[in-house]
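Before any comments, here is the structure.
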Amino acid sequence: MNSLILNTISKTLLPLLVLFSVFVLLRGHYLPGGGFVGGLIAAIAFILHAFANGLNETKKILRIHPGFLIPIGLLIATLSAIAPMIITGEPLMTGLWYEKDIPILGKIGSALFFDAGVYFVVIGVCLTIIFTISESV
C-alpha cells in the first residue's frame, strides 16, 4: 500500500497495540481478557504494520519467524499445567500462587504463565497464517 497516513499511523500504533496486548494478558488472570485476547491484539498490530509497510519491514521488526513462537508457547503452557503435579503433588492445572504481592502485577500464579503460553501460541499461529498467505499472493 502507498498510503502515507496508514504508513505513519501503523508505525505509531504498533508499540501501543503491543503494550495494550500485554496489559490485557496481565489483566486476564483477575478479570476478562488473558492470553487469547492479548495474543489476537498483538497479532493484529503486526498484521496492520505488514499491510501498511510491507511484509519484509514487519519481518525485520519481529526478527524471528512467528512459527517459532508456537512451540515456545506450548512449552510454557504445558509446564505451567504440570507444575502442580511436580511441585506439590496436586492434580493437573491446579492453581499455584506466589504468596507475596509483586508491584504492578499483584499476585502471580500458574494461571499467568498458562496465559502467557497461550499468548505466544496465538501470535505465532495468526502471524504464520497471514504471512504465509501474503507471501503466496
Side-chain angles (χ1 to χ4, degrees):
M1 261 186 198
N2 291 328
S3 171
L4 178 63
I5 295 171
L6 185 59
N7 287 346
T8 306
I9 199 70
S10 70
K11 291 177 184 176
T12 306
L13 280 179
L14 179 66
L16 292 175
L17 285 172
V18 171
L19 182 65
F20 181 65
S21 76
V22 172
F23 168 75
V24 171
L25 166 69
L26 295 175
R27 180 179 175 264
H29 66 283
Y30 288 124
L31 299 168
F36 187 79
V37 176
L40 285 177
I41 293 169
I44 288 169
F46 286 107
I47 292 168
L48 174 66
H49 188 274
F51 284 164
N53 300 296
L55 192 57
N56 291 331
E57 286 294 319
T58 305
K59 285 182 176 182
K60 287 178 188 175
I61 292 172
L62 283 172
R63 295 187 181 144
I64 61 169
H65 190 278
F68 186 66
L69 295 174
I70 300 168
I72 289 174
L74 285 173
L75 179 67
I76 293 170
T78 302
L79 289 176
S80 70
I82 64 171
M85 294 173 53
I86 296 169
I87 296 171
T88 63
E90 296 284 330
L92 184 72
M93 294 191 76
T94 300
L96 298 176
W97 295 92
Y98 185 65
E99 295 173 6
K100 297 180 182 178
D101 281 349
I102 295 178
I104 299 172
L105 297 177
K107 290 193 177 215
I108 64 167
S110 57
L112 177 62
F113 293 101
F114 185 81
D115 276 345
V118 171
Y119 179 83
F120 288 127
V121 169
V122 169
I123 292 172
V125 167
C126 290
L127 292 183
T128 300
I129 290 170
I130 295 297
F131 286 4
T132 303
I133 291 171
S134 295
E135 288 171 349
S136 66
V137 172

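The residues of the chain are indexed from 1 along the displayed sequence.
- Taken from CG in L4 to CD1 in I9, the straight-line distance is 11.0 Å, to the nearest 0.5 Å.
- Applying the side-chain contact (heavy atoms from CB on, under 4.5 Å) test between V121 and each of I123, V118, V125 identifies V125 as the sole match.
- Closest non-hydrogen pair, I133 versus S136, comes out as O-OG, 2.9 Å.
- Closest of all the heavy-atom pairs between M85 and P91 is CG-C, 4.0 Å.
- The line from CG of L6 to CG of L48 is 6.0 Å long, rounded to the nearest 0.5 Å.
- In this structure, the side chains of L127 and L62 come closer than 4.5 Å at one or more pairs of heavy atoms.
- Remark: L14 engages V18, A45, F46, H49, I61 in a side chain to side chain contact (heavy atoms under 4.5 Å, CB included) (not counting sequence neighbours).
- Residue I44 is found outside any hydrophobic cluster, as its side-chain heavy atoms come under 4.5 Å of no other Ile, Leu, Val, Met, Phe, Trp or Tyr.
- Pairs of residues two or more places apart, or lying in two chains, that qualify as side chain to side chain donor-acceptor pair (under 3.5 Å) and include a residue from residues 118-132 are S21-Y119.
- Residues satisfying the salt bridge (Lys or Arg N to Asp or Glu O under 4.0 Å) criterion with K60, sequence neighbours excluded, are E57.
- Legend: salt bridge (charged side-chain N to carboxylate O under 4.0 Å, His left out) pairs involving residues 66-95, not counting sequence neighbours: none detected.
- Between the SG atom of C126 and the CD1 atom of I41 there is a distance of 11.5 Å, given to the nearest 0.5 Å.
- Remark: K59 engages E135 in a side chain to side chain donor-acceptor pair (under 3.5 Å) (not counting sequence neighbours).
- Taking NZ of K107 as the reference point, atom NZ of K100 lies at 11.5 Å (rounded to 0.5 Å).
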Check: residues 66-81 side-chain donor-acceptor pairs under 3.5 Å, at least two apart:
unit_1: T78; atom_1: OG1; unit_2: L74; atom_2: O; d: 2.7
unit_1: S80; atom_1: OG; unit_2: I76; atom_2: O; d: 3.4
unit_1: S80; atom_1: OG; unit_2: A77; atom_2: O; d: 2.9
unit_1: S80; atom_1: OG; unit_2: F114; atom_2: N; d: 3.4

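- Considering CG of L25 and CZ of F120, their distance stands at 8.0 Å, rounded to 0.5 Å.
- Side-chain heavy-atom separations under 4.5 angstrom define the hydrophobic clusters, and the remaining members of the one that includes I87 are L96.
- Of the inter-residue distances, the one linking I47 atom CD1 with L40 atom CG reads 9.0 Å to the nearest 0.5 angstrom.
- A continuous path of hydrophobic side-chain contacts links I64 to I130 [ILVMFWY only; heavy atoms under 4.5 Å].
- Counting heavy-atom neighbours within 6.0 Å of I5 CD1, excluding the residue itself, gives a total of 12 or less.
- Under the 4.5 Å side-chain heavy-atom criterion for grouping Ile, Leu, Val, Met, Phe, Trp and Tyr, V37 is connected to L17 within one hydrophobic cluster.
- Every residue two or more places apart in sequence or in another chain that forms a side chain to side chain contact (heavy atoms under 4.5 Å, CB included) with I102 is listed here: Y98, L105, I108.
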